[in-house]
Amino acid sequence: SNISVTNPISICGEGYQDSATRFVNPTASSPFFSFSNVNGISLSNFKASSSVPRTSGSYFSFSVTSRVTISDFFMSDYYIGISIDNSDNIVIDSFSMFNGVYTAIQIGKNGRVENCSINNGYIKNETSPSTYGVFAGYVDVFSLGSGLIIINQGTCFHIAPSAGQTASLIDCYGAVFDTATNGVMMLPNGGDIIRADFVGTWCGVHTNAGLTINSTSGNITSVRISGGDFTACGVVGINCEGTNSKQVIINGSQISSNTIGIRLQNAGYIVVSNCNIGGGGQESLNITGFVTTNTSVGSFQNNSFGVNTTNESGLPTATNVIAYGNIGIDNNKPYTPTVTSVTGSFTTIAATGNYQITGNLVSFNAEITITNNGTASGGVKITLPNIASSSFIGVGRGTINSGKALQIVGSPSSNIAFIYNYDG
């Protein structure tokens with residue numbers, strides 16, 4: 001244990017089976033090797049474990065290093081398996097890591113790591129879950145590739161830059177995050193997450209959330225979720241929380257078998273489009289497909305709801321979440337028009353309405369009941385759900401009395417429209 005390496009080195013064992021090359025650490029916290037201020041390192045074909053319970057520290061520690069490859073290995077019983085800070089050009093490939101206490105792979109916790117990829121790995125805890133499978137803090141150009149499976153963790157993949165740190169250009173393609181407390185957590189701790197892409201990711205069977213995007217303690221900008229499955233989670237499939245998130249796009253995902261499919265909690269601008277929410281084919285229903293608070297901001301468009309117990313909650317009253325083209329829910333939002341007359345006044349009048357926004361088009365409907373006309377004459381004035389950008393004409397019918405056709409006329413830059421009989 002505790003070997004300091006400051007020169008380029010290649011350590012190549014004969015394989016990581018029990019009968020091949022084995023490193024056994026006899027300490028509770030010291031590393032096998034610590035690499036610092038060195039370029040050109042290769043570690044491969046070995047097994048690493050500990051003969052005593054680990055309480056802190058990493059098996060392999062890297063600081064101010066470059067051109068590092070760690071491949072074809074097996075680790076078990078670590079506190080932290082691999083920690084890397086202030087380094088670049090890192091490749092971790094073809095490995096298995098079992099039964100860690102805290103974190104399997106920790107990247108950029110204390111210093112910036114650039115150009116790092118993790119592929120073809122299997123991280124699992126058969127005993128008590130460690131806190132993190134992969135932790136990313138201060139990183140730039142960070143990739144989790146296909147063939148990576150992380151299971152039985154506190155959080156499988158945790159992205160949490162601290163104050164003054166940025167986690168940027170994160171790509172995750174086809175990775176599997178399964179049977180943990182959380183699948184993916186984007187939770188900046190005072191720092192910034194800028195551009196993270198998840199393509200074809202599996203986040204399933206988590207006791208809490210499949211994917212969490214939480215900007216309450218930092219900034220999150222430009223997150224794209226394309227495809228993938230978010231399923232069988234005890235609390236929520238995808239959770240978006242915090243007003244400091246921008247340009248978050250969730251597109252083409254399957255979200256099923258969760259207590260809540262997608263939840264927006266006071267969330268910044270989120271676009272959810274072309275997702276299948278709920279039962280479809282072999283997939284099962286969510287208890288609630290979509291939940292939003294009325295303080296959230298975003299667009300919910302062209303999604304298809306299967307047979308959920310409740311398809312949506314809160315969407316009609318969330319005035320800053322635009323909904324259109326969704327199958328299985330009512331895309332209209334309620335509004336109450338204020339109604340007055342051109343001259344005079346009504347004695348007793350009531351009105352209800354609803355509207356829907358599709359792109360730049362606002363479609364609305366108003367139902368007005370005049371019980372006592374009073375002195376009102378000359379036409380009816382109503383407020384609109386939005387300010388009109390151009391002139392418009394609509395149609396209606398006087399259903400109670402005359403049966404006459406009605407016309408409604410609006411002008412640009414006004415939120416007031418006028419209703420007249422068809423003949424003016």
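Any value given below was found using the heavy atoms of this structure, including those in side chains, with hydrogens, waters and symmetry copies removed.
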When rounded to the nearest 0.5 angstrom, what is the spacing between CD1 in Ile270 and CD1 in Ile225?
10.0 Å
Please check this pair: side chain of Asn303 against backbone of Val272, looking for a donor-acceptor N/O pair closer than 3.5 Å.
yes
Go through the steps for Arg224 and Ile250 under the test side chain to side chain contact (heavy atoms under 4.5 Å, CB included), then give the verdict.
CA-CA 6 Å; Arg224 290 173 290 186; Ile250 302 166; over 6 Å; no
Flag, side chain of Thr293 to backbone of Asn266, donor-acceptor distance under 3.5 Å:
yes
Residue pair Thr55, Ser29: steps toward the side-chain hydrogen bond (donor to acceptor under 3.5 Å, both in side chains) verdict:
CA-CA 6 Å; Thr55 58; Ser29 59; 5.4 Å; no
List the atom of Ala104, the atom of Ile123, and the distance in Å for their closest heavy-atom pair.
CB-CG2, 3.7 Å
Please check this pair: side chain of Asn373 against backbone of Ala376, looking for a donor-acceptor N/O pair closer than 3.5 Å.
yes
Between Asp77 and Asn99, is there a side-chain donor-acceptor contact under 3.5 Å, judged purely by atom types and distance?
no
Do Asp93 and Asn119 meet the criterion of a side-chain donor-acceptor pair at a distance under 3.5 Å?
no
What is the minimum heavy-atom distance between Ser253 and Gly227, and which atoms define it?
OG-O, 2.6 Å
Specify whether Tyr59 and Tyr78 have parallel, tilted or perpendicular ring planes, treating 30° as the upper limit for parallel and 60° as the lower limit for perpendicular.
perpendicular
Can a side-chain donor-acceptor contact be found between Gln254 and Asn276 if the only test is distance below 3.5 angstrom?
yes
With no hydrogens and no angle check, just 3.5 Å: does a side-chain donor-acceptor pair link Ser313 and Thr288?
no
Asn274 and Asn251: side-chain hydrogen bond (donor to acceptor under 3.5 Å, both in side chains), yes or no, with the steps?
CA-CA 6 Å; Asn274 304 304; Asn251 183 65; 2.9 Å; yes
Does Asp85 reach the main-chain N or O of Lys109 with its side chain, forming a donor-acceptor pair under 3.5 Å?
yes
With rounding to the nearest 0.5 Å, note down the distance linking OG1 in Thr231 to CG in Asn258.
5.5 Å
Just by modelled atom types, is the Gly344 backbone N or O under 3.5 Å from a matching donor or acceptor in the Ser341 side chain?
yes
Side-chain donor/acceptor of Asn214 to backbone N/O of Thr216, under 3.5 Å
yes
Are the side chains of Lys246 and Tyr269 in touch, meaning some heavy atoms are under 4.5 Å apart?
no
Between Ile170 and Phe157, is any pair of side-chain heavy atoms under 4.5 Å apart?
yes
Tell me, do Asn239 and Ile213 make a side-chain contact under 4.5 Å, heavy atoms counted?
no
Leu361 atom CG: more than 12 heavy-atom contacts under 6.0 Å
yes
Give the minimum heavy-atom separation between Ala388 and Ser411, together with the two atoms involved.
CB-O, 3.5 Å
Pro412 and Ser391 have their tightest heavy-atom pair at CD-OG, 3.4 Å
Check whether any side-chain N or O of Asp140 sits under 3.5 Å from a backbone N or O of Leu169 as a donor-acceptor pair, and report yes or no.
no
Exercise: do Asp88 and Ser66 side chains pair donor with acceptor under 3.5 Å:
yes
Any side-chain to backbone donor/acceptor pair from Lys333 onto Val321? Under 3.5 Å, distance only.
yes
Begin from the C-alpha positions of Ser58 and Ser83 and carry the test side-chain hydrogen bond (donor to acceptor under 3.5 Å, both in side chains) through to its verdict.
CA-CA 6 Å; Ser58 307; Ser83 64; 2.8 Å; yes
Min side-chain heavy-atom separation His206-Thr181 under 4.5 Å:
no
Go through Leu148 and Ile118 one step at a time and tell me if the side chain to side chain contact (heavy atoms under 4.5 Å, CB included) criterion holds.
CA-CA 8 Å; Leu148 179 65; Ile118 302 174; 4.2 Å; yes
Does atom CG (Asn372) have a neighbourhood of more than 12 heavy atoms from anything else shown, all under 6.0 Å?
yes
With rounding to the nearest 0.5 Å, note down the distance linking CD1 in Ile105 to CD1 in Ile150.
7.0 Å
Atom pair OG1/CG of Thr166 and Asp192 - distance to nearest 0.5 Å:
5.0 Å
Any luck finding a side-chain donor-acceptor pair between Asn115 and Asn89 under 3.5 Å?
yes
Output, in order, the C-alpha distance, side-chain angles, deciding distance and verdict of side-chain hydrogen bond (donor to acceptor under 3.5 Å, both in side chains) for Tyr420 and Gln407.
CA-CA 6 Å; Tyr420 304 106; Gln407 58 174 305; over 6 Å; no
Going by heavy atoms in the side chains, are Val223 and Gln247 under 4.5 Å from each other?
no
For a quick test of reading the model, state the closest non-hydrogen atom pair linking Phe35 to Thr65 and the distance between them.
O-CG2, 3.7 Å
Any side-chain heavy atom of Tyr324 within less than 4.5 Å of one from Ser299?
yes
Could you walk me through whether Phe364 and Leu384 satisfy the side chain to side chain contact (heavy atoms under 4.5 Å, CB included) test, starting with their C-alpha distance in whole Å, then the side-chain angles of each, then the deciding distance to 0.1 Å, before giving a yes or no?
CA-CA 8 Å; Phe364 73 97; Leu384 304 172; 3.6 Å; yes
May I ask you to decide if Ala267's main-chain N or O and Ser296's side chain share a donor-acceptor pair within less than 3.5 Å?
yes
Could you label the plane-to-plane angle of the Phe74 and Tyr16 rings as parallel, tilted or perpendicular, counting under 30° as parallel and over 60° as perpendicular?
parallel
So, Tyr122 versus Phe95, ring centres under 6.0 angstrom or not?
no
Shortest non-hydrogen contact between Ser256 and Gly278, atoms and distance:
CB-O, 3.8 Å
Closer than 3.5 angstrom, by distance alone: can the side chain of Arg54 be matched with the main-chain N or O of Ser49 as a donor-acceptor pair?
no
Nearest-0.5 Å distance that lies between atom CD1 in Ile159 and atom CZ in Phe135
10.0 Å
Does a donor on one side chain and an acceptor on the other come within less than 3.5 Å for Thr371 and Thr348?
no
Please step through side chain to side chain contact (heavy atoms under 4.5 Å, CB included) for the pair Gln106 and Ile82, ending with a clear verdict.
CA-CA 6 Å; Gln106 179 178 281; Ile82 299 170; over 6 Å; no
Does a side-chain heavy-atom distance below 4.5 Å link Asn286 with Thr309?
no
Could you measure the distance from the CD1 atom of Ile92 to the OG atom of Ser117? Nearest 0.5 Å is fine.
8.0 Å
Any heavy-atom pair between the side chains of Thr383 and Ile416 that's under 4.5 Å?
yes
When Phe46 is tested against each of Phe73, Phe33, Phe32 for ring-ring contact (aromatic ring centres under 6.0 Å, His included), which residue passes?
Phe73
